[in-house]
Amino acid sequence: MMGTRSSINNKVCVITGANSGIGKETTKGLAALGAKLVMVTRDKTKGESVRDELVKHTGNPNIVLMQCDLSSMLQVKHLSEELASEYDHIDVLVNNAGAVFAKRMTTPEGLECSFAVNYLAPMYLTHLVLPLLLVGAPSRVINLTSGLYKQGMVRFDDLQSSIRYDSMKTYSNAKLMVLLWTYHLAKLLKDSEVSVNAVQPGFAATNLGRNSGSFVQEVMFGAVRFMQTTASKAAETSIYLASSPDVEGVTGMCFAKKKPVKTSLASYDEEKQRNLYKISLEILKIEPEFVERDANSS
Ligand SMILES: NC(=O)c1ccc[n+]([C@@H]2O[C@H](COP(=O)([O-])OP(=O)(O)OC[C@H]3O[C@@H](n4cnc5c(N)ncnc54)[C@H](OP(=O)(O)O)[C@@H]3O)[C@@H](O)[C@H]2O)c1
């Protein structure tokens with residue numbers, strides 16, 4: 001059943017990793033509030049079955065599917081083109097998809113998979129759809145990080161963990177990168193009405209780590225399962241940031257349990273933020289001034 005109408009009613013919300021766990025619950029919550037949802041999933045069959053379930057459950061027929069494997073920057077580019085051909089604006093972008101990789105793997109584009117899916121893809125997608133977000137302004141970008149970012153480090157001499165790889169460490173590094181980028185982008189967009197915030201959803205029972213290899217799987221699906229919250233509870237902060245009038249204009253913050261939280265000193269390091277952004281643009285072969293110029297011309 002459709003819930004109470006809110007300021008999100010009829011707004012275009014794009015959610016990555018929308019077929020599972022926190023992303024599925026975020027989609028469900030926003031659909032119940034009457035939003036127009038674009039579920040980004042990499043598996044069409046899985047995506048279609050979840051979409052049908054959510055349409056039935058919420059009574060909201062405005063849920064469409066777009067397919068993208070976020071480890072491929074080419075597919076991310078195609079996704080942005082598909083979004084631009086279907087929509088003249090975006091109100092909310094939730095960069096929710098994430099994954100843990102037991103072993104170091106690289107994509108056909110030569111990117112380390114955890115770096116690509118957890119950090120570079122959301123950064124690139126947001127960059128590519130910025131013109132749509134600017135048209136949709138006041139619009140909102142919501143980036144999923146993790147409390148594990150505290151164990152992360154950004155090693156500029158080994159950004160993609162080719163010297164040393166540890167699945168959880170590399171995941172934590174990427175989640176720190178998400179925070180550094182969130183804070184930096186919020187500053188770049190300060191004169192626009194596009195807000196950019198991060199979410200720590202909490203430790204939740206989802207599919208995260210399911211096929212990632214023995215140790216991570218043991219942790220996520222073993223003895224600690226009882227300590228985890230539900231995906232639905234973990235989605236509350238994303239839903240709040242996407243829909244609540246309370247956070248209109250709030251930008252450059254990290255939220256947990258619907259409240260702003262302070263993050264580590266490392267995450268606020270402006271030099272690191274700038275360096276990471278610059279190197280990311282270089283990897284993606286993007287002109288450095290694009291974001292500033294675009295935001296200021298809006
Ligand atoms: N669960 C937790 O305790 C926890 C804690 C802190 C942060 N987080 C973060 O919360 C977010 C949601 O994770 P979750 O816990 O809900 O895990 P989940 O159930 O595994 O959902 C992750 C979603 O991301 C998608 N995804 C993964 N790799 C992808 C790729 N290459 N291309 C496109 N989509 C891809 C998955 O698609 P498939 O179904 O096709 O794999 C799935 O829809 C992630 O960013 C995660 O890092 C989770």
Side-chain angles (χ1 to χ4, degrees), residues 14-29 38-51 54 65-76 78-79 94-101 105-109 111-125 142-152 167-168 170-179 182 198-212 216-217 219-221 224-239 241 254-257 261 263:
V14 179
I15 305 182
T16 66
N19 62 285
S20 172
I22 299 166
K24 177 180 170 184
E25 293 302 322
T26 304
T27 309
K28 191 196 280 179
V38 180
M39 294 177 62
V40 178
T41 68
R42 66 173 150 177
D43 184 310
K44 193 162 181 266
T45 315
K46 262 201 242 174
E48 278 170 350
S49 110
V50 172
R51 183 197 49 204
L54 296 185
L65 211 66
M66 287 193 187
Q67 210 183 335
C68 179
D69 181 338
L70 295 161
S71 68
S72 160
M73 297 309 124
L74 186 64
Q75 289 198 30
V76 172
H78 289 159
L79 169 66
V94 188
N95 287 308
N96 165 83
V100 180
F101 299 84
M105 291 193 292
T106 52
T107 69
E109 292 161 336
L111 298 166
E112 186 278 313
C113 285
S114 180
F115 172 79
V117 173
N118 292 305
Y119 164 67
L120 202 64
M123 190 261 176
Y124 192 34
L125 179 61
I142 297 155
N143 300 324
L144 275 277
T145 180
S146 159
L148 286 174
Y149 86 86
K150 292 180 202 119
Q151 291 158 37
S167 58
M168 289 317 281
T170 301
Y171 171 81
S172 307
N173 294 348
K175 291 299 185 182
L176 173 59
M177 292 181 209
V178 168
L179 263 186
T182 298
V199 171
Q200 286 178 36
F203 192 35
T206 65
N207 283 323
L208 193 70
R210 186 175 290 283
N211 297 313
S212 62
V216 179
Q217 224 161 316
V219 173
M220 298 298 278
F221 298 91
V224 299
R225 203 68 175 166
F226 77 96
M227 291 165 69
Q228 293 173 312
T229 183
T230 60
S232 149
K233 191 86 193 143
E236 285 178 2
T237 304
S238 295
I239 296 168
L241 282 177
C254 182
F255 284 75
K257 296 186 178 162
V261 288
T263 54

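Just so you know, ligand 1 is whichever comes first in the structure, and atom 1 is the first atom listed for that ligand.
Atom NZ of residue K175 and atom CE of residue M168 lie 10.5 Å apart, to the nearest 0.5 angstrom. N118 contributes atom CG, which lies 10.0 Å from atom CG of L70 (distance to the nearest 0.5 angstrom). E25 CD to E236 CD: the interatomic distance, rounded to the nearest 0.5 Å, is 10.0 Å. The distance from the CD atom of E109 to the OG atom of S72 is 4.5 Å, given to the nearest 0.5 Å. Going from atom CD1 of I239 over to atom NZ of K28 covers 9.5 Å, rounded to the nearest 0.5 Å. Taking CG of L208 as the reference point, atom CZ of F203 lies at 9.0 Å (rounded to 0.5 Å).
Considering backbone and side-chain N/O of N19, one or more are found under 3.5 Å from N/O of ligand 1. For ligand 1, the polar-atom distance check finds no N/O of T41 at less than 3.5 Å from any of the ligand's N/O atoms. Considering backbone and side-chain N/O atoms, N118 never comes within less than 3.5 Å of an N/O atom of ligand 1. Ligand 1 has an N or O atom lying under 3.5 Å from an N or O atom of T206, backbone or side chain. For S20, a nitrogen or oxygen atom sits less than 3.5 Å from a nitrogen or oxygen atom of ligand 1, counting backbone and side chain alike. Between A99 and ligand 1, no N or O atom pair is found at a separation short of 3.5 Å. Among the atoms of F203, none of the N or O lies under 3.5 angstrom from an N or O of ligand 1. Taking only nitrogen or oxygen atoms, main chain and side chain alike, G23 does not reach within less than 3.5 Å of ligand 1.
Against a heavy-atom cut-off of under 4.0 Å, G21 is close to the following atoms of ligand 1: 16 (O), 19 (O). The distance from ligand 1 to the heavy atoms of T145 drops below 4.0 Å at these ligand atoms: 6 (C), 7 (C). Atoms of ligand 1 found under 4.0 Å from any heavy atom of S146, numbered from 1 in the order shown, are 6 (C), 7 (C). Distances below 4.0 Å separate heavy atoms of L144 from the following atoms of ligand 1: 10 (O), 45 (O). Within ligand 1, the atoms closer than 4.0 Å to a non-hydrogen atom of D69 are 30 (C), 31 (N), 32 (N), numbered from 1 in the order shown. Annotation for ligand 1: atoms under 4.0 Å from non-hydrogen atoms of S71 are 31 (N).
For A97, heavy-atom contacts with ligand 1 shorter than 4.0 Å involve the backbone as well as the side chain. The residue T16 has no part lying near ligand 1, judged by heavy-atom distances below 4.0 Å. The residue Q200 has no part lying near ligand 1, judged by heavy-atom distances below 4.0 Å. Using a 4.0 Å cut-off between heavy atoms, K46 contacts ligand 1 through its side chain alone, with no backbone atom that close. Looking at C68 against ligand 1, only its backbone comes within 4.0 Å, counting heavy atoms. Contact annotation: for V117 versus ligand 1, heavy atoms closer than 4.0 Å belong to the side chain alone.
Using a 4.5 Å heavy-atom threshold, the side chains of V94 and L144 count as touching. By the 4.5 Å heavy-atom criterion applied to side chains, Q200 and T263 are counted as neighbours.
Checked options T26, N95, V38; the residue passing with I15 is T26 (criterion: side chain to side chain contact (heavy atoms under 4.5 Å, CB included)). Checked against V76 for a side chain to side chain contact (heavy atoms under 4.5 Å, CB included), the options L120, L125, D69 give a single hit: L125.
Between the T16 side chain and the N96 main chain, a donor and an acceptor come within less than 3.5 Å of each other. Judged purely by atom type and a 3.5 angstrom limit, T229 has no side-chain atom pairing as donor or acceptor with the backbone of A204. Looking at K150, its side chain never comes within 3.5 Å of a backbone N or O of S172 through a donor-acceptor pair.
Using a 4.0 Å cutoff on heavy atoms, E25 does not count as a contact of ligand 1. Ligand 1 has G202 within reach: a non-hydrogen atom of the residue lies less than 4.0 Å from it.
Residue G98 holds the heavy atom nearest to atom 27 (C) of ligand 1 of all those in G98, G17, A256.
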